[in-house]
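In this chain, numbering begins with 1 at the start of the sequence shown. Because the structure is predicted, anything quoted here is derived from the model rather than measured.
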Amino acid sequence: MLQPDLLRNRIGSSLMVLAALAAGVRAAADEPSKPSAPQPPSSTATADVLPVDRSVGQRLANFTLTDAVTGRPYMLYGYAGKTGMVLVFMGTTCPVGDVYMPRLAEISRDYRAKGFVVLGVNSNAHETNAEIAAHARKFNLDFPVLKDRDNLIADAALIERTPEVLVLDGMARICYRGAIDDQYGVGARKPAAERHYLRDALDSLAAKQPVKVKATAAVGCLIEKVKTQAVAKTSPPRVRPPAPAIAAAHDADAIKAADIGQVTYSSAAAAIIQNRCESCHRPGQVAPFSLLSYDDARKHSAMIREVVDNRRMPPWHADPKYGHFANDRSLTAKERATLLAWIDQGAPLGEPKNIPAARTYPQGWSIGTPDLVLEIPETYTVPKQGVVAYVRFRVPTNFKEDRWVQAAEAVPGDRSVVHHIVVYLDTHQKERAEGLGGRHFCGYAPGDMPSVFPEGTAKRIPAGSDLIFELHYTPIGEVRQDRSKLGLIFAKKPPTREAFTMAVFESDFMIPPNKDDVAVASSTTLSQDLRLLSFMPHMHLRGKDFRYTITRPDQAPEVALSVPAYDFGWQSYYTLAEPLTLPKGTRIDCLAHFDNTSNNLNNPDPNKLVRWGEQTFEEMMIGYIDVDVPVGTAVSRAPGRQPSVGRQVFQALSGRGPRAAAPRQAKP
């Protein structure tokens with residue numbers, strides 16, 4: 001420890017330097033800061049405007065950084081099973097940080113035997129490994145000091161100053177953040193610390209007790225960071241044009257705009273826009289602008305013409321040769337020609353009195369006004385950058401009796417950072433083994449995702465069940481905050497059929513680098529009679545096409561849905577116009593192809609070998625289906641064929657992927 005006189009001199013001589021380095025630093029608080037209410041998202045959000053207890057309770061994402069002294073790599077999750085961990089964010093020139101170095105070394109020694117690990121993290125952009133190593137040797141630090149290049153970890157943890165500390169439990173959840181104690185501040189000091197925040201937090205974890213003071217204001221020098229860039233938009237437009245096969249099928253029935261007579265907004269265009277566009281093009285929905293009025297439509301008429309002409313809008317990616325779908329939003333040949341003619345004629349208004357009456361929409365919902373809304377229990381803060389591991393929240397329903405859901409919709413609190421939501425149903429029975437959080441209930445991804453069931457069919461939420469929200473967040477270059485929710489509309493009459501969601505998936509695959517048309521197949525054989533209601537294919541950025549084939553016993557295979565140009569930016573449910581009755585023994589095959597080349601403009605890295613994974617730079621292959629059975633009937637599933645590991649390796653090296661188990665020729 002430093003002697004008192006030396007310590008006093010060091011602090012006094014550093015005040016002028018510190019004032020320049022840490023302009024705007026807050027003075028140390030005598031009292032522990034109380035958790036403050038979440039602040040609204042802001043593009044200029046910093047630690048000074050975010051809550052003091054930001055991210056407390058959240059799990060810190062894994063990382064691997066190199067010790068500046070030894071060159072040895074350290075992985076955060078490599079300490080799983082430890083009592084806890086201290087991350088102290090450090091600099092080599094911060095006077096407040098320097099006076100705490102001996103104390104941190106002492107804490108590291110005192111708590112090592114209790115199962116705690118201390119790691120230093122240096123996120124200052126201008127400080128080299130050599131400078132960091134010299135600083136660590138100067139203070140005889142006996143814990144690693146890791147170099148955080150490009151301040152990725154500081155941004156992920158929402159750290160702005162040195163020497164802020166994070167205390168993590170054995171599962172890497174943040175239990176405390178803030179000051180080490182209350183002795184030193186900017187231009188202030190006490191003879192001794194009165195409140196030992198860091199030691200108190202460690203003692204609580206060692207005793208397996210809750211940490212009482214979860215956050216305090218950090219005092220010290222601002223971390224000098226590289227500027228965080230907004231996430232580059234490398235993908236094509238959010239909704240891509242349909243596959244050439246689909247365009248050709250529509251072109252065969254096309255009507256030319258020149259063959260349409262005089263068109264006005266009031267006579268025809270308004271009704272088409274209302275029926276085909278307004279569900280998304282209204283405030284609070286996914287589309288970038290509203291089309292609720294004539295002025296809206298006229299203002300955007302040039303853009304409307306472009307996306308209608310190339311069939312990018314309305315988004316619909318199913319090949320019209322297969323299946324009939326109740327939610328088909330594609331324009332008919334006449335509707336398309338009429339809209340193009342209206343714009344080509346100068347987008348005239350016509351008689352205002354003939355404009356169809358405006359529709360009323362429940363704000364923020366496409367299923368209608370929910371009977372019940374359930375939110376995740378706390379606001380989640382999404383960092384500027386980095387990879388955020390999946391986040392899961394348990395939401396009790398507190399239902400005293402079984403409830404039947406006719407429609408369900410998951411809605412992000414902040415669409416800019418919520419990539420997708422999966423809501424699982426945990427009945428506290430064996431069904432929980434069916435998924436990461438239980439039985440699949442509903443979900444959200446960019447596109448058309450609400451679950452709406454036909455008359456007489458509903459999903460059951462058993463009494464006492466919990467909902468597990470699984471959220472995938474994608475940082476966009478600024479701190480954002482999310483409070484996602486789920487809306488439920490209950491069946492008004494007792495249903496006769498119960499709906500379930502099944503996943504026909506293949507997880508044991510490898511997609512070689514720089515390979516196109518890599519096939520991955522999955523299948524299931526039904527062990528009972530049921531009705532098929534809808535499809536929802538799911539892949540990530542390398543997904544190219546997806547096809548479902550149904551083979552009833554003793555019948556030829558039949559293509560039920562083909563999506564020849566899968567669009568990760570707009571994922572749809574495909575709801576059958578009439579449910580398909582499938583007898584026991586029916587086989588459902590899914591076949592997907594992946595493009596891992598530079599020709600795929602969405603591809604994060606064509607030089608990578610890609611396997612199954614949660615993040616969008618990894619891949620998935622899931623053929624979701626919604627089915628229903630008579631109420632009181634359980635749904636079971638015979639396992640599909642899983643290719644062997646040896647075959648997987650051979651197929652990956654040869655660029656083929658698992659063979660499609662379905663016959664090569666399917667009945668149109």
Side-chain angles (χ1 to χ4, degrees), residues 236-244 246-318 320 324-369 446-448 450 452 567 569-570 572 575 577:
R238 178 168 188 145
V239 180
R240 65 176 64 172
I246 294 179
H250 286 302
D251 287 343
D253 299 325
I255 300 173
K256 294 181 179 179
D259 296 334
I260 300 293
Q262 183 66 32
V263 181
T264 66
Y265 179 78
S266 60
S267 67
I272 297 171
I273 292 171
Q274 189 177 82
N275 293 332
R276 301 293 192 181
C277 309
E278 283 186 7
S279 60
C280 294
H281 285 270
R282 55 188 172 89
Q285 291 301 304
V286 67
F289 52 82
S290 174
L291 288 177
L292 295 183
S293 70
Y294 167 70
D295 284 340
D296 291 336
R298 179 185 53 80
K299 234 177 358 183
H300 297 287
S301 60
M303 193 66 204
I304 293 172
R305 194 191 197 292
E306 177 183 312
V307 298
V308 168
D309 186 48
N310 68 14
R311 302 186 186 277
R312 202 162 83 227
M313 288 285 171
W316 186 251
H317 299 97
H324 300 283
F325 301 95
N327 61 331
D328 184 345
R329 68 176 71 81
S330 59
L331 296 170
T332 66
K334 185 175 181 180
E335 287 173 333
R336 178 172 179 270
T338 299
L339 273 181
L340 295 176
W342 172 64
I343 296 169
D344 290 345
Q345 294 168 17
L349 171 61
E351 288 291 335
K353 65 181 181 180
N354 294 331
I355 297 174
R359 292 184 179 179
T360 57
Y361 296 97
Q363 187 171 2
W365 303 97
S366 63
I367 59 172
T369 303
D448 178 28
V452 181
D567 189 351
W570 187 273
S572 291
T575 303

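- A search for salt bridge (charged side-chain N to carboxylate O under 4.0 Å, His left out) contacts involving D295 returns R298, not counting sequence neighbours.
- When the side chain to side chain donor-acceptor pair (under 3.5 Å) test is applied to E306, no partner is found at least two apart in sequence or on another chain.
- The minimum heavy-atom distance between V263 and A269, with the atom names listed, is CG1-N, 4.5 Å.
- Listed by chain and residue number, I255, I260 satisfy the side-chain contact (heavy atoms from CB on, under 4.5 Å) test with A337 (two or more places apart in sequence, or in another chain).
- Rounding to the nearest 0.5 Å places CE of M313 at 9.5 Å from CZ of R329.
- Every residue two or more places apart in sequence or in another chain that forms a side-chain contact (heavy atoms from CB on, under 4.5 Å) with S266 is listed here: T264, E351, N354, I355.
- Among all heavy-atom pairs drawn from P352 and L349, the shortest one is CG-CD2, 3.9 Å.
- In this structure, the separation between CH2 on W342 and OG on S301 is 6.0 Å, given to the nearest 0.5 Å.
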### Step-by-step side-chain contact (heavy atoms from CB on, under 4.5 Å) determination, W570 to C280
CA-CA 12 Å; W570 187 273; C280 294; 3.7 Å; yes

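- Of the inter-residue distances, the one linking L331 atom CG with K334 atom NZ reads 13.5 Å to the nearest 0.5 angstrom.
- Residues satisfying the side chain to side chain donor-acceptor pair (under 3.5 Å) test with D344, not counting sequence neighbours, are R305.
- Below 30°, between 30° and 60°, or above 60°: for H300 and F289 the angle between ring planes is below 30°, a parallel geometry.
- We find the NZ-OG distance between K299 and S293 to be 7.0 Å, quoted to the nearest 0.5 Å.
- Applying the side-chain contact (heavy atoms from CB on, under 4.5 Å) test between R336 and each of L339, T332, L340 identifies L340 as the sole match.
- Rounded to the nearest 0.5 Å, atoms OH (Y265) and CD1 (I343) are 12.0 Å apart.
- T338 is linked by a side chain to side chain donor-acceptor pair (under 3.5 Å) to nothing, counting only residues two or more places apart in sequence or in another chain.
- You'll find the side chain of P283 reaches within 4.5 Å of the side chain of L292, heavy atoms only.
- Rounding to the nearest 0.5 Å gives a distance of 4.0 Å between CH2 of W316 and CG of N327.
- The salt bridge (charged side-chain N to carboxylate O under 4.0 Å, His left out) check on D296 picks up nothing, with sequence neighbours excluded.
- The minimum heavy-atom distance linking Y294 with P348 is given by the pair OH-C, 3.9 Å.
- Listed by first and then second residue, the salt bridge (Lys or Arg N to Asp or Glu O under 4.0 Å) pairs involving residues 260-288 are R276-E335 (not counting sequence neighbours).
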